[in-house]
A.B. asks: 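One structure coming up, written as structure tokens, with questions to follow.
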Amino acid sequence: AQTVTQSQPEMSVQEAETVTLSCTYDTSESDYYLFWYKQPPSRQMILVIRQEAYKQQNATENRFSVNFQKAAKSFSLKISDSQLGDAAMYFCAFFTSGTYKYIFGTGTRLKVLA
Amino acid sequence: DAMVIQNPRYQVTQFGKPVTLSCSQTLNHNVMYWYQQKSSQAPKLLFHYYDKDFNNEADTPDNFQSRRPNTSFCFLDIRSPGLGDAAMYLCATTRFGGGYEQYFGPGTRLTVT
């Protein structure tokens with residue numbers, strides 16, 4: 001069975017600084033997808049970034065990038081030039097098309113300090 | 001804009017009184033999910049539909065039922081809500097063969113009194 005682990009329940013970052021959120025996972029699958037979702041307080045869950053396991057290149061979306069280490073089963077999220085609007089709960093998620101189910105980590109609450 | 005809509009956004013029900021939450025989508029996605037999310041926790045999958053194929057999680061209480069009458073709509077029925085069922089209920093969709101990202105609705109916050 002797949003598992004997703006986020007070992008940082010809470011992180012803080014100064015505005016304009018860079019922060020990295022950690023995620024590790026365990027699977028025997030070779031073909032899968034990894035996601036980071038953002039859930040601001042009392043607001044909708046939205047996709048931040050996606051990584052296909054078969055792609056070696058790390059995904060990037062503006063200020064958000066990932067460090068995908070397939071052999072180590074690690075998928076960290078880097079947020080550059082942090083903004084107050086980045087404050088949210090961040091969930092790492094794993095998906096395979098075999099089950100069509102997403103496995104979520106326990107989340108990391110990110111605080112952005114002005 | 002294409003989206004996932006959940007109604008109502010807030011629902012208050014009495015202990016033991018049946019309640020139905022609804023979800024609709026304009027994305028034409030063939031996979032729909034219901035999650036339960038309690039404060040500061042990860043979403044917990046209750047069910048998912050692949051087209052009309054219903055998939056129930058082994059630990060989803062029998063008290064929870066779901067219906068998907070067509071591609072666009074999905075309902076969550078809680079037959080006899082208990083205090084422990086108070087939570088945010090999230091509906092989400094994805095498309096077979098797409099990028100597999102999930103699109104979430106805003107959620108329905110259920111309060112049980």
Side-chain angles (χ1 to χ4, degrees), chain A residues 1-11 21 23 25 29 31-55 59 61 64 66 75 87-111, chain B residues 1-7 9-10 23 25 27 29-60 68 74 87-109 111:
Chain A
Q2 292 89 0
T3 59
V4 176
T5 301
Q6 293 180 249
S7 58
Q8 306 153 316
E10 190 170 292
M11 294 281 285
L21 308 185
C23 175
Y25 59 94
E29 301 279 342
D31 186 22
Y32 51 87
Y33 294 76
L34 295 163
F35 304 89
W36 279 98
Y37 285 93
K38 170 185 177 181
Q39 189 175 38
S42 301
R43 292 183 62 187
Q44 203 154 336
M45 183 103 72
I46 58 172
L47 177 70
V48 175
I49 200 164
R50 177 186 69 217
Q51 176 79 43
E52 294 93 332
Y54 64 85
K55 288 187 177 179
E61 290 285 342
F64 299 87
V66 299
F75 181 61
M89 196 75 164
Y90 287 82
F91 291 100
C92 177
F94 172 99
F95 172 88
T96 65
S97 58
T99 64
Y100 261 85
K101 294 198 289 190
Y102 297 78
I103 310 299
F104 285 87
T106 50
T108 296
R109 183 173 302 282
L110 179 66
K111 295 183 177 181
Chain B
D1 286 342
M3 59 176 62
V4 181
I5 302 161
Q6 291 190 244
N7 286 304
R9 295 290 308 278
Y10 300 91
C23 176
Q25 52 127 341
L27 298 159
H29 285 175
N30 53 349
V31 192
M32 293 186 78
Y33 302 82
W34 277 108
Y35 292 94
Q36 179 191 67
Q37 187 180 31
K38 297 192 175 180
S39 182
S40 299
Q41 296 182 18
K44 177 181 180 299
L45 181 64
L46 297 173
F47 322 96
H48 76 279
Y49 284 89
Y50 188 115
D51 291 323
K52 282 202 170 272
D53 291 338
F54 174 70
N55 298 272
N56 189 26
E57 291 303 291
D59 59 353
T60 298
R68 189 180 186 187
C74 197
M88 178 73 86
Y89 290 87
L90 303 175
C91 176
T93 72
T94 194
R95 182 175 65 86
F96 173 75
Y100 300 116
E101 64 264 34
Q102 281 192 305
Y103 292 78
F104 284 85
T108 295
R109 182 165 297 284
T111 301

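Convention: sequence-line order gives letters A, B, ...; per-chain numbering from 1. Below, each value reflects all heavy atoms present in this structure, side chains not excepted, and no hydrogens, waters or symmetry copies. Keep in mind that what you see is a predicted model, and the values were worked out from it rather than measured.
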A.B. asks: According to ring-ring contact (aromatic ring centres under 6.0 Å, His included), who are the partners of A/Phe35, at least two apart in sequence or on a separate chain?
C.D. replies: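 A/Tyr37, A/Tyr102.
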
A.B. asks: Report which part of A/Phe95 has an atom under 4.5 Å of a heavy atom belonging to chain B: side chain, backbone, both, or neither.
C.D. replies: side chain

A.B. asks: At a heavy-atom separation under 4.5 Å, does A/Glu52 approach chain B through its side chain, its backbone, both, or neither?
C.D. replies: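 A/Glu52 has no heavy atom closer than 4.5 Å to chain B.
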
A.B. asks: I need the minimum non-hydrogen distance between A/Phe91 and B/Gln37, along with the two atoms involved.
C.D. replies: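 Answer, listing the atom of A/Phe91 first, then B/Gln37: CZ-NE2, 3.6 Å.
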
A.B. asks: Could you look at A/Arg43 and say if it's the side chain, the backbone, both or neither that has a heavy atom under 4.5 Å from chain B?
C.D. replies: neither

A.B. asks: Chain A contacts: which residues in residues 100-109 of chain B have a non-hydrogen atom closer than 4.5 Å to it?
C.D. replies: B/Tyr100, B/Glu101, B/Gln102, B/Phe104, B/Gly105, B/Pro106

A.B. asks: Working to the nearest 0.5 angstrom, can you tell me the gap between A/Tyr100 OH and B/Leu45 CG?
C.D. replies: 14.5 Å

A.B. asks: A/Gly105 and B/Ala42: which non-hydrogen atoms are nearest, and at how many Å?
C.D. replies: O-CB, 3.1 Å

A.B. asks: Rounded to the nearest 0.5 Å, what's the gap from CE on B/Met88 to CD on A/Gln39? Could you check?
C.D. replies: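 Between B/Met88 CE and A/Gln39 CD, I get 7.5 Å after rounding to 0.5 Å.
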
A.B. asks: Does a sphere of radius 6.0 Å around NZ in A/Lys55 hold more than 12 heavy atoms from other residues, nucleotides or ligands, not counting ones at 6.0 Å or beyond?
C.D. replies: no

A.B. asks: Could you look at A/Thr99 and say if it's the side chain, the backbone, both or neither that has a heavy atom under 4.5 Å from chain B?
C.D. replies: backbone

A.B. asks: Please flag which part of A/Ser97 lies under 4.5 Å from any non-hydrogen atom of chain B: side chain, backbone, both or neither.
C.D. replies: side chain

A.B. asks: Report which part of A/Met89 has an atom under 4.5 Å of a heavy atom belonging to chain B: side chain, backbone, both, or neither.
C.D. replies: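 Side chain only.
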
